[in-house]
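To keep things clear, I will list the structure first and then write my remarks on it.
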Amino acid sequence: MSIEPIIGRYVGVDIAGTPQRIYFEEAGQGRPVLCLHTAGADTRQWRHLMNDAAITAENRLIAFDMPWHGKSLPPEGFETEEYLLTTETYVATVLAVAKALGLDRPVLAGCSMGGRIALQLAALHPAAFSGFIAIEASDFQPAWYDIDWFHRPDAHGGEMGAALVSANISPYAPEAERWNTLWMFMSSGPGVFRGDLSFYTGDDSLIGRLGQIDTARTPVHIIVGAYDLTCTPEDARRTAGAIPGATLAVMDQLGHFPMSEHPAGFRPFFVEALAKMPESSASAA
Amino acid sequence: MFERLQGMQARLNETPHLQRLGRLFSETVLLSVDGDEYYLSFDKGRLVQVMPGPSRKTPYRFGLITDAAALDEFWQPLPRPGFHDIFGLVKLGRAQISGDILVLVKNLRFFKEFMALPRPSGVEARA
């Protein structure tokens, strides 16, 4: 038997006038690193890195479940609301959580839609962070599927969503972690994956903002897996090329959920990314 | 290809979890490989008939149109990026999906795992 070092708690925040009870987990000490999960999933995607003693010896990893995801309940009145994530709400949520937790210019690490919003924050609110690790992140991809498939009364959106996103998992991923990754999609709330995809596949506002990002002040490192069909290496390369000073790493044997689908394969790329970030917020000021 | 499909038929019908996943799947699927047609008739998750075409009178719910070289890559133990998934084949331009795609999506895990049956499992691939 072993008890993991991850600690989970709740924090109440106000996001655009709506009270939200946010679940967050953390492990480690030192430089704060705020971690964002992908669409249709939750904080559990980060558990392997949060249990990595060598990483948490010098980094305080914090991850939170977005409202409607994981252990963060939807807001009061959700039963008559259509969940549709927007860039504005997502930005406000990340800023509100960072402030509520008293994080001093954390590194922001996000995957997929979390990587997309990390780049938005790099453009719009760089002063709130010390650097950005954008995983499976790019400027924009329109949907190659119909997002309405994943929220309908005659079928299980979570199971269909999991079957779809399995296309983005590398065949090198250990079977157990492939299925743990898919379980999060299978068990996401009704309409949540669709609502996330509405943001991810519908808002192209980042394209015009990439040139605003000042990597001399806040470094940007993009990581992408070769087996990612949604955000391909070409997408990530195009995006990195539009951000002066951004760096890029391509993971030949990983897919769209690297920290979750193949923790051992992802670890060296995340360690490399952390090494590119400022040691502390003070050194980046 | 016909023998390959017969092998997949036998393997599907002895795979309990696919029987369970496909218990509501009773449809005919067209698989077209290098222009050769095969009509796969499923009944409650069992593949009950593999009928070679061509046929202009066999209705099918959805079709997967691809080529043999792409399927050979797809069935490798560790396929190259894009060849690891039927939607990857589509993205690479090596496959098309026709017909009622929503029926495919509702049964996507079942159909994907059926199509991947010839691929050695992760454990076998790493042995």
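Throughout, a chain's letter reflects where its sequence line sits, starting with A, and its residues are numbered from 1.
- Listed by chain and number, the residues in a side-chain contact (heavy atoms from CB on, under 4.5 Å) with B:Leu24 amount to none (sequence neighbours excluded).
- Of the atoms belonging to A:Ala226, heavy atoms from both backbone and side chain fall under 4.5 Å from chain B.
- Of residues 176-189 of chain A, those residues lying under 4.5 Å from chain B by any heavy-atom pair are A:Trp179, A:Met186.
- For B:Ile86, no part sits under 4.5 Å from any heavy atom of chain A, backbone or side chain.
- If you run ring-ring contact (aromatic ring centres under 6.0 Å, His included) between B:Phe25 and each of B:Phe111, B:Phe114, B:Phe110, only B:Phe110 comes through.
- Your options are B:Arg80, B:Arg109, B:Lys91, and the one with the most heavy-atom pairs under 4.5 Å with chain A is B:Arg109.
- When the side-chain contact (heavy atoms from CB on, under 4.5 Å) test is applied to B:Gln19, the partners found at least two apart in sequence or on another chain are B:Leu12, B:Asn13, B:Arg46.
- Salt bridge annotation for A:Arg238-A:Asp139: present, with a cationic side-chain nitrogen under 4.0 angstrom from a carboxylate oxygen.
- Taking the ring centre of A:Tyr83 as origin, the terminal cationic atom of A:Arg194 falls outside the region bounded by 6.0 Å and 45° from the ring axis.
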Contacts table for residues 51-59 of chain B: side-chain donor-acceptor under 3.5 angstrom, sequence neighbours left out:
residue: B:Ser55; atom: OG; partner: B:Lys57; partner atom: N; Å: 3.2
residue: B:Ser55; atom: OG; partner: B:Thr58; partner atom: N; Å: 3.1
residue: B:Ser55; atom: OG; partner: B:Thr58; partner atom: OG1; Å: 2.6

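- Enclosure of atom CD in B:Gln6 by more than 12 non-hydrogen atoms of other residues, nucleotides or ligands within 6.0 angstrom is indicated.
- Each of A:Ala155, A:Gly157, A:Ala163 has some count of heavy-atom pairs under 4.5 Å with chain B, and the biggest count is that of A:Ala163.
- Of the two parts of A:Thr232, only the side chain, counted from C-beta on, holds a non-hydrogen atom closer than 4.5 Å to a non-hydrogen atom of chain B.
- A ring-centre distance under 6.0 Å is found for A:Tyr227 and B:His84.
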